Amino acid sequence: MQVNLKVSAGPYEGRVFAFNQHDTFLIGRTDDAHLCLADDRFFSRHHCLLEIDPPRCFLRDLGSTNGTFVNGRRVREAF
């Protein structure tokens, strides 16, 4: 089983990240983020973390200033 994360907007639009085993994926503005959005002030330095264990994914907001949203709803954690 494989999980695909596809970027739907912004500078990385169309990029696909594929996961076929357990992994973590950091999104934020810092260079150590797997998806680095350095110039996007909407994102915090360490904005959110995905824990991927195909076929499941778990998202955790890392105390971001602007929040993390899933289907239009602000969440701290979500599967």
Side-chain angles (χ1 to χ4, degrees):
M1 174 105 1
Q2 181 170 298
V3 170
N4 293 317
L5 172 64
K6 183 177 181 181
V7 181
S8 61
Y12 293 101
E13 183 176 359
R15 182 152 183 205
V16 176
F17 298 90
F19 306 91
N20 56 17
Q21 61 185 11
H22 183 265
D23 206 348
T24 56
F25 190 82
L26 177 64
I27 299 171
R29 290 192 342 250
T30 61
D31 290 338
D32 63 341
H34 299 101
L35 179 57
C36 178
L37 302 160
D39 297 326
D40 192 333
R41 295 296 168 198
F42 176 78
F43 288 91
S44 296
R45 287 182 183 95
H46 291 138
H47 194 90
C48 64
L49 182 71
L50 290 169
E51 183 172 350
I52 300 148
D53 192 12
R56 298 184 62 158
C57 297
F58 181 72
L59 176 137
R60 176 177 293 121
D61 181 86
L62 298 175
S64 65
T65 301
N66 293 317
T68 300
F69 293 79
V70 174
N71 298 324
R73 192 172 138 222
R74 189 172 182 158
V75 297
R76 286 185 170 195
E77 298 178 334
F79 278 98

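Because the structure is predicted, anything quoted here is derived from the model rather than measured.
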Q: What residues form a side-chain hydrogen bond (donor to acceptor under 3.5 Å, both in side chains) with Gln21, not counting sequence neighbours?
A: none
Q: Applying salt bridge (charged side-chain N to carboxylate O under 4.0 Å, His left out), which residue pairs with at least one partner in residues 41-54 are found, sequence neighbours left out?
A: none
Q: Are Phe19 and Gln2 packed together at the side-chain level, in the sense that at least one heavy-atom pair is separated by less than 4.5 angstrom?
A: no
Q: With a 4.5 Å heavy-atom cut-off, do Cys57 and Leu59 have their side chains touching?
A: no
Q: Keeping to residues at least two apart or across chains, list the salt bridge (charged side-chain N to carboxylate O under 4.0 Å, His left out) pairs with something in residues 70-79.
A: Arg60-Glu77
Q: Within the 4.5 Å heavy-atom criterion, are Ile27 and Leu49 side-chain neighbours or not?
A: no
Q: For the residue pair Ile52 and Leu5, establish whether any side-chain heavy-atom pair is separated by less than 4.5 Å.
A: no
Q: Looking at Tyr12 and Val7, what are the two nearest heavy atoms and their distance?
A: O-CB, 3.3 Å
Q: Tell me if a side-chain donor or acceptor on Ser44 pairs with a main-chain N or O of Thr65 at a distance below 3.5 Å.
A: yes
Q: Could you pull out the closest heavy-atom pair between Gly67 and Phe42, with the gap in Å?
A: O-CZ, 4.2 Å
Q: Take atom CG of Asp39 as the centre, draw a 6.0 Å sphere, and report whether it contains more than 12 heavy atoms from other residues, nucleotides or ligands.
A: no
Q: How close do Val70 and Ala78 get, counting heavy atoms only, and between which atoms?
A: CG2-CB, 4.1 Å
Q: Restricting to pairs with a member in residues 6-19, which pass salt bridge (charged side-chain N to carboxylate O under 4.0 Å, His left out), not counting sequence neighbours?
A: none
Q: Rounded to the nearest 0.5 Å, how far does SG of Cys48 lie from CZ of Phe69?
A: 12.0 Å
Q: Using the test side-chain hydrogen bond (donor to acceptor under 3.5 Å, both in side chains), find all partners of Thr68 that sit at least two apart in sequence or belong to another chain.
A: His47, Asp61
Q: Using 30° and 60° as the class boundaries, would you call the ring planes of His34 and Phe25 parallel, tilted or perpendicular?
A: parallel
Q: Under a single-linkage definition using a 4.5 Å side-chain heavy-atom cutoff for Ile, Leu, Val, Met, Phe, Trp and Tyr, are Phe43 and Phe17 assigned to the same hydrophobic cluster?
A: yes
Q: Please enumerate all residues that pass side-chain hydrogen bond (donor to acceptor under 3.5 Å, both in side chains) together with Thr30, with sequence neighbours excluded.
A: Asp32, His46
Q: Between CG of Leu26 and CG of Leu50, what distance do you get to the nearest 0.5 Å?
A: 9.0 Å
